[in-house]
Amino acid sequence: MKLTILGGGGFRVPLVYRALLADHAEGRVTRVTLHDVDADRLAAIGGVLAEQARAVPDAPAVSVTTDLDEALRGADFVFSAVRVGGLAGRAADERVALAEGVLGQETVGAGGIAYGLRTVPVALDIARRVARVAPDAWVINFTNPAGLVTEAMSRVLGDRVIGICDSPVGLGRRVARVLGADPGEAWFDYVGLNHLGWLRGVRVAGRDELPRLLADTEALGSFEEGRLFGADWIRSLGAIPNEYLHYYYFNREAVRAYQEAGRTRGAYLRDQQAAFYGAPSLGSWHATLAEREATYMAANREAAGAGDRAEQDLEPGGYEQVALALMRAVARDERATLILNVRNRTTLSVLDADAVVEVPCLVDANGAHPVSVAPLPHHAVGLVAAVKAAEREVLAAAESGSRETAVKAFALHPLVDSVSVARRLLDAYAREHPELGHLA
């Protein structure tokens, strides 16, 4: 099988290749094509992958190209992990928002909307090229904002595009560990949108073990989300929130922490990765990855008084394992249950059929099929509906080029509390990003 990775010069690509190297089953990926618009980054990551493969017999062959059609031709799977504007663009998204006193984060709030406005047109172009050059390929999307971008691409590719995220995987793994359960044997009742979901149950051998965890204050304080949100708040929700909900439930504290940090997360990663790409090697990649994981959500942890990340939480989230499991299930009809970003159909009654949601899915050779879940609790309904409404305005603005619609996207988001702020944000982002200049 051939796997094409778009954004192939990206820092996380060696995680995907490492997972492929460990897969020796029949029908595995034997060819990997890396595509990127930056030839230097492609060369850097290609070199790291060559080091990874050195001691592995029959390692998947790797090729690199800056030609998108060449990369797509003959692909069985396309893994999309592009970053429009690079980390410099992310840093600008975060800085502009914080200057207006609202959240500056890659995928949440104003930063996420700006990123979406830049990324959706590129994602739609990729979807159209896939449909033309590799119509039988399955697209696995990790490009952020993952739910929004997957929904945009689904308007072209239908159910042949599936979004993935490592946040639910990491949450499930941590909770299972505390409960003494094997994550592979547990059923996780997780529901919401990308970066906006709740773990409502953990069934092991037919029994929901989450109530046992919710009743144990010490156990709740032993893993990352428990320390971020606090036992009392988690118990009041009756569910464990995705880590990104810290930006909503503790928004003022998060904004203050980011403003006081001196350097946004995007700026930190920009500088850190510049050092890696300046002298790339497998050893420096491992060191950079370890530092990246140790500092993840550092400002939020400081705001919550959660301390440093525990050693057992430093393992990368596992999106590469989700991607590999998804490819196996589709290519080999090895049925799997995975939390994915797919079209809603009738899963959540508060959203329409085409809205992309993040829920457990049964995966087989015909794709990912969302599992029926209980209705959203009342406290989640308004948040999910409001964020989805803002996402829909982003899609409409990207399609129409309308300034009014783009302002509406900012203004409707729960973390942007003023139409006047929304207008100033759009003007500032248009100055930072030439591709948004037509919206000014």
Side-chain angles (χ1 to χ4, degrees), residues 80 82-85 89-90 92-94 96-97 100 102-128 141-157 161 163 165 192-197 244 247-248 266 341-344 350-352 354-358 382-419 421-440:
S80 181
V82 303
R83 180 176 289 281
V84 179
R90 172 177 175 176
D93 291 342
E94 295 167 344
V96 166
E100 283 291 344
V102 296
L103 181 70
Q105 203 281 331
E106 176 190 20
T107 62
V108 177
I113 293 170
Y115 191 20
L117 287 171
R118 297 201 316 278
T119 304
V120 165
V122 175
L124 286 171
D125 181 62
I126 289 171
R128 295 183 189 107
N141 178 61
F142 190 68
T143 297
N144 274 324
L148 171 64
V149 171
T150 301
E151 186 165 329
M153 297 182 83
S154 74
R155 295 182 173 184
V156 177
L157 298 172
V161 57
C165 181
L193 307 178
N194 180 240
H195 291 178
L196 191 80
Y244 282 82
Y247 296 116
Y248 293 86
N341 287 267
V342 296
R343 291 199 286 187
N344 178 51
V350 297
L351 299 175
D352 61 77
D354 292 330
V356 164
V357 297
E358 192 168 80
L383 201 49
V384 165
V387 171
K388 180 55 69 175
E391 288 184 351
R392 286 286 171 77
E393 297 300 333
V394 172
L395 293 174
E399 181 180 5
S400 67
S402 164
R403 171 183 168 80
E404 291 77 13
T405 306
V407 168
K408 193 176 177 185
F410 284 106
L412 288 179
H413 197 282
L415 299 183
V416 180
D417 55 0
S418 163
V419 175
V421 169
R423 290 172 177 149
R424 293 198 299 271
L425 283 168
L426 181 57
D427 289 341
Y429 283 129
R431 290 192 295 270
E432 291 281 350
H433 305 299
E435 59 267 50
L436 298 183
H438 64 287
L439 297 173

Gap between atom CG of Leu425 and atom OG of Ser418 - 0.5 Å precision: 9.0 Å
Non-hydrogen atoms of Pro145 and Asn194 that approach each other most closely: C-OD1, 4.4 Å
Reference residue Met153; test side chain to side chain contact (heavy atoms under 4.5 Å, CB included); the match among Ile126, Leu124, Leu148: Ile126
From CG (Leu103) to OH (Tyr247), nearest 0.5 Å: 6.5 Å
Side-chain ion pair, Lys408 and Glu404, N-O less than 4.0 Å: no
Heavy-atom closest contact (Ala411 atom, Ala422 atom, distance): N-CB, 3.6 Å
Sidechain-backbone polar pair: His433 side chain, Glu435 backbone, donor-acceptor under 3.5 Å: no
Main-chain N/O of Val356 paired with Glu151 side-chain donor or acceptor, under 3.5 Å: yes
Side-chain donor/acceptor of Thr143 to backbone N/O of Ser80, under 3.5 Å: yes
Over all atoms of both residues, closest heavy-atom pair of Val161 and Asn141: CG2-CB, 4.3 Å
Distance (rounded to the nearest 0.5 Å) between Leu395 CG and Arg155 CZ: 4.5 Å
Side-chain donor or acceptor of Glu432 paired with backbone N/O of Ala92 under 3.5 Å: no
Qualifying residue, where the test is salt bridge (charged side-chain N to carboxylate O under 4.0 Å, His left out) with Asp352 and the options are Lys388, Arg343, Arg392: Arg392
Expected output: side-chain Asn144 to main-chain Thr107 donor-acceptor under 3.5 Å: no
Over all atoms of both residues, closest heavy-atom pair of Ala409 and Ile113: O-CD1, 3.3 Å
Separation between CG of Leu436 and OH of Tyr429, rounded to the nearest 0.5 Å: 10.0 Å
Minimum-distance pair of heavy atoms, taken over all atoms of Glu358 and His195: OE1-N, 4.1 Å
Carboxylate-amine/guanidinium proximity below 4.0 Å for Arg83 and Glu106: yes
Ala396 to Thr405 - nearest heavy-atom pair and separation: CB-CG2, 3.7 Å
